[in-house]
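Structure record follows, encoded as structure tokens.
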Number of protein chains: 2
Amino acid sequence: MSWSQSLSPYILHPDQHEKDLVVYYDDIVTIIHDGFGKSTYHLLILPRDSKLTKKHPTTGVTAHIKNLLQTYVDWCTNYIYDHFTGRYEILPSNDNLSMSSKEDFIEQFILVGVHSVPSMNNLHIHVLTRDFHSLKLKNKKHYNSFNTKFFVQWDQLPLHFKPDKHEMENVIIKKSDLICCYCNKNFSNKFSQLKKHLGEEFDSHFKLNSSDANVSDNT
Amino acid sequence: MSWSQSLSPYILHPDQHEKDLVVYYDDIVTIIHDGFGKSTYHLLILPRDSKLTKKHPTTGVTAHIKNLLQTYVDWCTNYIYDHFTGRYEILPSNDNLSMSSKEDFIEQFILVGVHSVPSMNNLHIHVLTRDFHSLKLKNKKHYNSFNTKFFVQWDQLPLHFKPDKHEMENVIIKKSDLICCYCNKNFSNKFSQLKKHLGEEFDSHFKLNSSDANVSDNT
DNA sequence: TATTCCGATAGTGAC
DNA sequence: GTCACTATCGGAATGAG
């Protein structure tokens, strides 16, 4: 089961990794790019405290811990806002997605939260754009783990119970229809069609800045 | 639904097909090689009577009809015995499969019967070797349609009821384990392993005669 | 219990 | 809620004028 420990090195030795991967660290946290990011930007906040890192995220992130970590959450949303808007132009759109101000962008287009049944043993908080436009998004599990109640948002923490593992894995993740997070279109279990659609949604909302035009996209 | 009518031309115009496919016909029946035969030899007997051809096989093949068709069944088993033994040498074996006499061969190695839920609309009787060693045998449905009670043997006909379609399709065919018809080994739902095993069983029981050695096998 | 194509689903093994 | 591989399972179209 060593894969479930693969976040450990980052909290133990944040200095021994490439700068491209570790974007920030101090005594309290390490912040990294998710090695298999499911959106254009996908960061993980890893508290370094040896007791906290072993706790279950839905109950371990208490009000006190939230207060301690809030500055790092804000650091991440700012990081993502700056980098995303530096790289992409936000196109005018007809839908209900308004990203004209920084506050709107962060509110509507950045997700912060934890998985109700984590697979990595070290407590980690996801901060990611809500586009799911990534080569690493390959199946229903990947998508529904961020787009159902399997994903517990930062503002909802802490829960006063641990979600039922079996229900989350075998009902919520597997049985929930695939719903587009931009337009709510229902793709049932047609992952390939959702994936294609997400690419179209992305292209209708964002356009690579010319200075980045040589960078291949994530389709 | 035209595919379900694809046997019709053989009863309407048996003379307009290749001799390789239509092996016999008269006013009563047409006998053809199954276009997608699931065993080394796989014949279909198609009664040409316009009323009989529309009947359900499990109830339509009455004692009277069986008597009328028995001679064609015998013709088929003889045809298969002659051709199979002309092409293959029967090797001595340690298992309970004794094919030393023609009667034993026909009794133990030739199946005669009908499907309890046919997909082709024209009534047809299967006569086939019990090896299931064919490129066209590609999935559990193919195998279990001849190796469960979905297959109603000639001696059991007629039934006094039509088998329940839903039970046959969704329980008997899909849920029954794959059991080797030579040695009863259970392959659960591992079709690929069963298929490989059937090839080994075939090779342990039969050997191509040298005069046919240039003919590729069915693996 | 037609075939074929495509894709969703499921189990495994990995250091 | 790792990936990558393999295989099982599941739906949809299938033609003709």
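Just so we're on the same page: letters track the sequence lines, and every chain starts at 1.
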Any side-chain heavy atom of L198(B) sitting closer than 4.5 Å to one from Y143(B)?
-> yes
Compare the minimum distances between each of dC3(D), dT9(C), dT3(C) and the side chain of K38(A), then state the nucleotide with the smallest one.
-> dC3(D)
Of F191(A) and N170(B), whose closest DNA chain C nucleotide lies nearer the 5' terminus?
-> N170(B)
Distance below 4.0 Å between K190(A) side-chain N/O and dC6(C) OP1 or OP2 = no
Would you say dC3(D) has OP1 or OP2 under 4.0 Å from some side-chain N or O of H142(A)?
-> yes
On a plain distance test, is the side chain of W3(B) in donor-acceptor contact with the base of dT3(C) below 3.5 Å?
-> no
Output the single nucleotide from dT4(C), dA2(C), dT2(D) whose closest atom is nearest the side chain of F36(A).
-> dT2(D)
When rounded to whole Å, the CG to C1' distance for the pair N139(A) and dT9(C) reads 10 Å
Please check the phosphate of dC6(C) (OP1 and OP2 only) for any side-chain N or O of S192(A) closer than 4.0 Å.
-> no
Any donor-acceptor N/O pair, D177(B) side chain to I179(B) backbone, under 3.5 Å | no
Donor-acceptor contact below 3.5 Å, side chain H56(A) vs main chain S116(A) | yes
If you measure from the C1' atom in dT4(C) to the same atom in dG15(D), how many Å do you get, rounded?
-> 15 Å
Can you tell me if the side-chain N/O atoms of K141(B) get under 4.0 Å from OP1 or OP2 in dC9(D)?
-> no
Given that both distances must come in under 3.5 Å, which nucleotide forms a Watson-Crick or G-U wobble pair with dA7(D)?
-> dT9(C)
Spacing between L135(B) atom CG and dT4(C) atom C1', to the nearest angstrom = 16 Å
Does any N or O in the side chain of S39(B) come within less than 3.5 Å of the main-chain N or O of Y41(B), such that one atom is a donor and the other an acceptor?
-> no
Spacing of N189(A) atom CG relative to dA12(D) atom P, expressed in whole Å = 10 Å
E167(A)/K149(A) ion pair, N-O < 4.0 Å = yes
Can you tell me if the side-chain N/O atoms of K140(B) get under 4.0 Å from OP1 or OP2 in dC9(D)?
-> yes
Starting from P on dA8(C), measure out to CD on Q193(A) and report it in whole angstrom.
-> 8 Å
